[in-house]
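In what follows, chains are A, B, ... by sequence order, proteins preceding strands, each numbered from 1. The basis for the numbers below is simple: all heavy atoms, side chains too, and nothing from hydrogens, waters or symmetry mates.
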There are 2 protein chains.
Amino acid sequence: MSVTKKVGRPKAFDRDNALAKATGVFWKQGYEGASMKLLTDAMGINSPSLYAEFGDKHGLYLEAINSYATNDACTPLVALETEPDITQAVRAFFEAVIDYSTHHASGAKGCFLVSCVATSAGHVEGTAELLRDAITSTDSRIKARFDHEIELGNLPREFPSADRAKLMFDLRQGMVFRARAGFDDSDLTGDTEKYVSSVLAKPEN
Amino acid sequence: MSVTKKVGRPKAFDRDNALAKATGVFWKQGYEGASMKLLTDAMGINSPSLYAEFGDKHGLYLEAINSYATNDACTPLVALETEPDITQAVRAFFEAVIDYSTHHASGAKGCFLVSCVATSAGHVEGTAELLRDAITSTDSRIKARFDHEIELGNLPREFPSADRAKLMFDLRQGMVFRARAGFDDSDLTGDTEKYVSSVLAKPEN
DNA sequence: CTTTTTTTGTAACGCTCATTACAAAATCCC
DNA sequence: GGGATTTTGTAATGAGCGTTACAAAAAAAG
């Protein structure tokens, strides 16, 4: 609670800022491609400080994943959950995705989880599990918003909320993949309206 | 044409097989994570042979990308293009995607382009361009199949073939992302039918 | 059988990697 | 101000990286 002054020499860096900078490096370079030199340079600290604060490179990576999953990766979800009108909400979700996958402050393109962590899921311990958690929790948060709208009568009773949640999230992976490959926001925004329609389309049959 | 005998000591390995094995290592480990030791062990050759045949690690990587893009990554497209009925064709596309993203012979999960090459697009020369080529060419091959069905009268005149092609391909990225995270074919096949419906749904208004 | 050509396996190259030992520096406590 | 405590920056560690030099081996050509 209190900002208790601690004995000893004070830290010369901000933890959250250093972690954000490290995330940017991982995002651009991948896990193995992010060397200690690149990391410490971006974070503005020396390696002993990094080790004292995060354990080692692997620990830093896991923290970066958690930090990203609860910050950047959540802004589209927050947009989806706060926008009152459901069509506007879905639109806002995709717009937020396009925004940070093409214009993130770090300069990295695409999505950190899809374009970097997914690669390490093949061989870096602990990452596949974090990825699965992120996927299932996102699926269910989207579904929850749809269910809420069904309750309100803004979506038909038979609206397949779970299926459409996965569809919506899977479409997102395609968009961030395009962003990673170098397509910019003007290339992606053209698809948004069609994707919104498909996500909210009345179930056939 | 002719299998002209060449002077000198004959090669002791098969080029295509070695390249396929290398692709599997890159797919699992990522570009930097795929060390020369892992590569040469999997390929069954020593590093001088690798350098003589592929130039260097970077050259091998680019060849692996091209090889994958014209082989594994194409089987869903071939399925889409050869299956006579359009609904069956779209279904076969997704089934082929699920098949190799969860059961590839190399043991790697997901899609090489999405789960590995996309990461290197951030920093490995020449990869972003290959990725963009793969995306645009896939978009247009899917669209071509839809256009063909419009001609035949099996899809309505106003069917938005270009939009649905991108939607279909973007949905695929979501599926292979799930596969990479560790979801298996039984988790993914449940979504297929809904995705087929969304891809082929009658355009609203 | 000798020469020429090409690929082989071994062993080395310099470099960069992640990690850490250590002493100087900066703060709080008494 | 002196001692305790924590972080700092420097510099070193051994291991592993991608790459290559080189000589032995295996084939065809003369």
Length of the line joining N46(A):CG and dT7(D):P, which is rounded to integer Å = 14 Å
ask   = Which one, dA28(D), dC17(D), dG9(D), comes nearest to the side chain of V7(B)?
value = dA28(D)
key: Whole angstrom value for the distance that separates P of dG9(C) from CD of E53(B)   = 14 Å
query = Is the Lys NZ or Arg CZ of R164(B) less than 6.0 Å from the centre of F146(B)'s six-membered ring, within 45° of the axis?
reply = no
request  = Decide whether a cation-pi geometry holds between K57(A) and Y31(A); the criteria are a distance under 6.0 Å from NZ or CZ to the six-membered ring centre and an angle within 45° of the ring axis.
outcome  = yes
key: Phosphate-side-chain proximity, S49(A) and dT7(D), N/O vs OP1/OP2 below 4.0 Å   = no
task = Could you check H58(B) against R9(B) and say which one's nearest nucleotide on DNA chain D is further toward the 5' end?
result = H58(B)
task = Starting from P on dC15(C), measure out to CE on M36(B) and report it in whole angstrom.
result = 19 Å
inquiry  = Just to verify, which of R145(A), H148(A), R141(A) counts as forming a side-chain hydrogen bond (donor to acceptor under 3.5 Å, both in side chains) with E81(A)?
reply    = R141(A)
inquiry  = What is the distance, to the nearest angstrom, from the OH atom on Y61(B) to the P atom on dG18(D)?
reply    = 14 Å
ask   = S47(A) side chain N/O closer than 4.0 Å to the phosphate oxygens (OP1, OP2) of dT19(C)?
value = no
query = Closest to the P10(B) side chain: dT19(C), dA26(D), dG9(D)?
reply = dA26(D)
ask   = Atom CZ in F169(A), atom CD1 in I142(A): separation rounded to 0.5 Å?
value = 6.5 Å
inquiry  = Expressed as a whole number of angstroms, how long is the span from Y51(B):OH to dC22(D):P?
reply    = 18 Å
task = To the nearest Å, give me how far apart CG (L50(B)) and P (dT7(C)) are.
result = 14 Å
ask   = Hey, which of these two, A34(B) or I45(A), hits DNA chain D nearer its 5' end, going by closest nucleotide?
value = I45(A)
ask   = How many Å lie between NZ on K6(A) and C1' on dC29(C), as a whole number?
value = 15 Å
task = May I have the distance from F54(A) (atom CZ) to dT7(D) (atom C1'), rounded to whole angstrom?
result = 14 Å
request  = Mark yes when over 12 heavy atoms from residues, nucleotides or ligands other than E158(A) sit less than 6.0 Å from its CD; otherwise mark no.
outcome  = yes
request  = Identify which nucleotide among dT8(D), dA27(D), dC17(D) has an atom closest to any side-chain atom of K37(B), counting heavy atoms from C-beta outward.
outcome  = dC17(D)
